[in-house]
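Worksheet for the structure shown next.
Counting from 1, the numbers follow the sequence of the chain as shown.
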Amino acid sequence: MKHRIVVLGAGYAGAFAAGNLARRLSPSDIEITVVNAVPDFVERMRLHQLAIGQDLAFRKLADVFAGTGVRLRLAHVTSVDPERRTVAVTGENGDSELAYDTLLYALGSSVAHHGVPGVAEYAFDVTGRSSALRLRERLSGLGEGGTVLIVGEGLTGIETATEFAESRPDLSVALAARGELGARLSPKARRHLRHAFGRLGITVHEHTCIEAVEPARAIAADGTPIPADVTVWSAGFAVHRIAAASGLEVAETGQIVVDRTMRSVSHPDVYAAGDCAYAIGENGRPLPMSCASAGFTNMQATAAIIARLTGSEVPTTGLKYHGNHISLGRQDAIFQMVDRDVRSKSWYLGGKAAARLKSGVLKGAGWGIAHPTFGVPKRKRRLAAAPDGARARAAA
């Protein structure tokens, strides 16, 4: 009987890992099933571009996995039972259950509402394609002078605000920041960011905590109303409750607690990668939810799964966060290097050169999903003999 690997989610972490596993393990020994809610690979880092009306071409997952033997199951995951090693899903054909021998949990994250009244009812976000398309439809109906408020001064908020202001100069774009805009950047990069906001005419409300969202405005903690025909919420991410409900050990964030190899500390047949993994980086701190972290964790999880199934020594991949790429529209960007403690270094790259670099990163990430083993030997490895003589299982 073949060893059954089930991958939940086909985002940056899941899609790359599934393709990598399929191309490096013998199809005589394994079968890989990927469960994803939509048929396309969604480039989450570009969803703010989709929301403002830019046309993006999405790769079909069927094309990404063509010739690999990966089975694609279009469905929503409803629960995981790590004791029985099953996953419950629901799709066009109703409810069903998938059994696994090894599970890679990579369901990612969604927008974090933080319990703020009105966010769920009235705010928009760019954390998923469906929500970005919903925002796109709303923005297309805004005429000249329409007001858009971005809540959150993180990378998503900055990129969304600048993209919107550049693409739709007829709109009045504002950003609400809990602290100082660009506080985590080096002084020179912070000045570059402020200059970009000024050039694009973006209003910044610093030291402003939004405590309620209404249909046509947001309310700050001091009671000040901020007009907003559209409020875009980008004040952090949250993971789905499926992992916590399953009995897997999770952190307070709901992320799956994993060891250095991305293996669940409570259930050795389960691995996690991407935003849903509570992984400790080389600086002793949890990795941030980001595309970069998805890359680190999926490479480590994939390497560990392959090694354990083939009876090899488990290698370790780097878990060091190097810096942030921040798009400021299509022609400007910031690349900020950070030190071991994720503090900004004095050096940064800005302007068109940084924009070209960010464009290359985006294209490279998309290309890498379809070519996960580029530069790796093409030999497909056989699984080690299973203890029961029927199925290889991960070694402890």
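If you take CG on Leu104 and CG on Asn298, they are separated by 8.0 Å, rounding to the nearest 0.5 Å. Taking CE of Met45 as the reference point, atom OG of Ser290 lies at 9.5 Å (rounded to 0.5 Å). One finds the OG1 atom of Thr33 at 13.5 Å from the OH atom of Tyr100 (value rounded to the nearest 0.5 Å). Summarising the geometry, atom CD1 belonging to Ile150 is positioned 12.0 Å from atom OG1 belonging to Thr203; distances are rounded to the nearest 0.5 Å. The distance from atom CZ of Arg24 to atom OG1 of Thr302, rounded to the nearest 0.5 Å, is 8.0 Å. Here Leu47 contributes atom CG and Leu135 contributes atom CG; the two are 10.5 Å apart, rounded to the nearest 0.5 Å.
At distances below 3.5 Å, not a single donor-acceptor pair connects side-chain atoms of Thr68 with backbone N or O atoms of Ala66. Between the side chain of Asp101 and the main chain of Arg4, a donor-acceptor pair closer than 3.5 Å is present. Put simply, the side chain of Glu163 never gets that close to the backbone of Gln49: no donor and acceptor are under 3.5 Å apart. Listed for the Glu214 side chain is no donor-acceptor partner under 3.5 Å among the backbone atoms of Ile219. With hydrogens and angles ignored, the 3.5 Å screen pairs a side-chain donor or acceptor of Lys2 with a backbone N or O of Pro27. Between the side chain of Arg178 and the main chain of Cys209, no donor-acceptor pair closer than 3.5 Å is present. Of the possible donor and acceptor atoms, none in the side chain of Ser167 sits under 3.5 Å from a partner among the backbone N and O of Phe164. Side chain of Asp40 to main chain of Val42: no donor-acceptor pair is present (N/O by atom type, distance under 3.5 Å, no hydrogens or angles). At least one donor-acceptor pair under 3.5 Å links the side chain of Arg59 to the backbone N or O of Gly366. The closest donor-acceptor contact from the side chain of Asn20 to the backbone of Phe16 lies at 3.5 Å or more, if one exists at all.
In terms of heavy-atom proximity, Ile5 sits nearest to Ile305 at CD1-CG2, 4.5 Å. Closest non-hydrogen pair, Tyr278 versus Pro286, comes out as OH-CG, 3.4 Å. In plain terms, the two heavy atoms of Ala99 and Val6 that are nearest each other are O-CG2, 3.8 Å. Summarising the geometry of Gln331 relative to Ala355, their closest heavy-atom pair is C-CB, 3.8 Å, with the distance given to 0.1 Å. Smallest separation of non-hydrogen atoms from Ser109 and Asp275: OG-OD2, 2.7 Å. Nearest heavy-atom pair across Ile158 and Leu175 is N-CD1, 4.2 Å.
With sequence neighbours excluded, no residue satisfies side chain to side chain contact (heavy atoms under 4.5 Å, CB included) with Glu252. With sequence neighbours left out, Tyr12 forms a ring pair (Phe, Tyr, Trp, His ring centres under 6.0 Å) with Phe41. Evaluation of the ring pair (Phe, Tyr, Trp, His ring centres under 6.0 Å) rule for His192 yields Tyr348 as partners, not counting sequence neighbours. In this structure, the ring pair (Phe, Tyr, Trp, His ring centres under 6.0 Å) partners of Trp367, at least two apart in sequence or on a different chain, are His371, Phe374.
Within a 6.0 Å sphere centred on NE2 of His114, other residues, nucleotides and ligands contribute more than 12 heavy atoms. Annotation for Arg330: atom CZ counts as buried by contact number, over 12 foreign heavy atoms lying within 6.0 Å. Residue-environment remark: CZ (Phe58) exceeds the threshold of 12 foreign heavy atoms within 6.0 Å. More than 12 non-hydrogen atoms from other residues, nucleotides or ligands lie less than 6.0 angstrom from NE2 of His207. Within 6.0 Å of the CD atom in Glu137, the count of heavy atoms belonging to other residues, nucleotides or ligands does not exceed 12. Around the CG atom of Asp222, the shell of radius 6.0 Å holds more than 12 heavy atoms that belong to other residues, nucleotides or ligands.
Linking ILVMFWY residues whenever their side-chain heavy atoms come closer than 4.5 Å, directly or via other members, leaves Leu248 and Ile280 in distinct clusters. Val111 and Val230 end up in different hydrophobic clusters when Ile, Leu, Val, Met, Phe, Trp and Tyr side chains are linked at under 4.5 Å. No path of Ile, Leu, Val, Met, Phe, Trp and Tyr side chains, each step under 4.5 Å between heavy atoms, connects Trp233 with Leu181, placing them in separate hydrophobic clusters. If you chain together hydrophobic residues whose side chains sit under 4.5 Å apart, Val126 and Ile326 fall into the same group. Leu139 and Val151 fall into different hydrophobic clusters, where Ile, Leu, Val, Met, Phe, Trp and Tyr side chains are chained together by heavy-atom contacts under 4.5 Å.
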- Step by step, work out the salt bridge (charged side-chain N to carboxylate O under 4.0 Å, His left out) result for Asp269 and Arg84. CA-CA 11 Å; Asp269 298 309; Arg84 295 177 53 239; over 6 Å; no
- Is there a side chain to side chain contact (heavy atoms under 4.5 Å, CB included) between Val70 and Val7 once you walk through the steps? CA-CA 10 Å; Val70 171; Val7 179; over 6 Å; no
- Task: Walk me through it: do Thr310 and Leu25 pass the test side chain to side chain contact (heavy atoms under 4.5 Å, CB included)?
- Result: CA-CA 9 Å; Thr310 59; Leu25 293 173; 3.8 Å; yes
- Please lay out, stage by stage, how Lys363 and Ser359 fare under the test side chain to side chain contact (heavy atoms under 4.5 Å, CB included). CA-CA 6 Å; Lys363 291 178 180 178; Ser359 177; 3.6 Å; yes
- Message: Using the rule given for side chain to side chain contact (heavy atoms under 4.5 Å, CB included), can you reason through Leu319 versus Arg260, listing the C-alpha separation, both sets of side-chain angles and the distance that settles it, and then say yes or no?
- Response: CA-CA 9 Å; Leu319 298 178; Arg260 182 59 179 77; 3.3 Å; yes
- Output, in order, the C-alpha distance, side-chain angles, deciding distance and verdict of side-chain hydrogen bond (donor to acceptor under 3.5 Å, both in side chains) for Arg381 and Ser312. CA-CA 11 Å; Arg381 303 172 64 180; Ser312 305; 2.3 Å; yes
- Give the intermediate values and the outcome of salt bridge (charged side-chain N to carboxylate O under 4.0 Å, His left out) for residues Asp339 and Arg343. CA-CA 5 Å; Asp339 63 17; Arg343 293 175 301 194; 3.3 Å; yes
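Comment: Glu180 engages Arg194 in a salt bridge, judged by a side-chain N to carboxylate O separation of less than 4.0 angstrom. Comment: Asp125 does not engage Arg44 in a salt bridge, judged by the lack of any side-chain N to carboxylate O separation of less than 4.0 angstrom.
Between the side chains of Ser186 and Gln336, at least one donor N or O sits under 3.5 Å from an acceptor N or O. Remark: the Thr261 side chain and the Arg308 side chain contain an N/O donor-acceptor pair separated by less than 3.5 Å. With no hydrogens or angles considered, a side-chain donor-acceptor pair links Arg73 and Ser96 at under 3.5 Å. Checked by atom type, the side-chain pair Asp229/Thr147 shows a donor-acceptor distance below 3.5 Å.
The other residues sharing a hydrophobic cluster with Leu357 are Phe335, Met337, Trp347, Leu349, where clustering joins ILVMFWY side chains under 4.5 Å apart. When hydrophobic side chains of Ile, Leu, Val, Met, Phe, Trp and Tyr are connected at separations under 4.5 Å, Val239 ends up clustered with Phe237, Met289.
Of the candidates Leu98, Val87, Leu107, Val35 forms a side chain to side chain contact (heavy atoms under 4.5 Å, CB included) with just one, namely Leu98.
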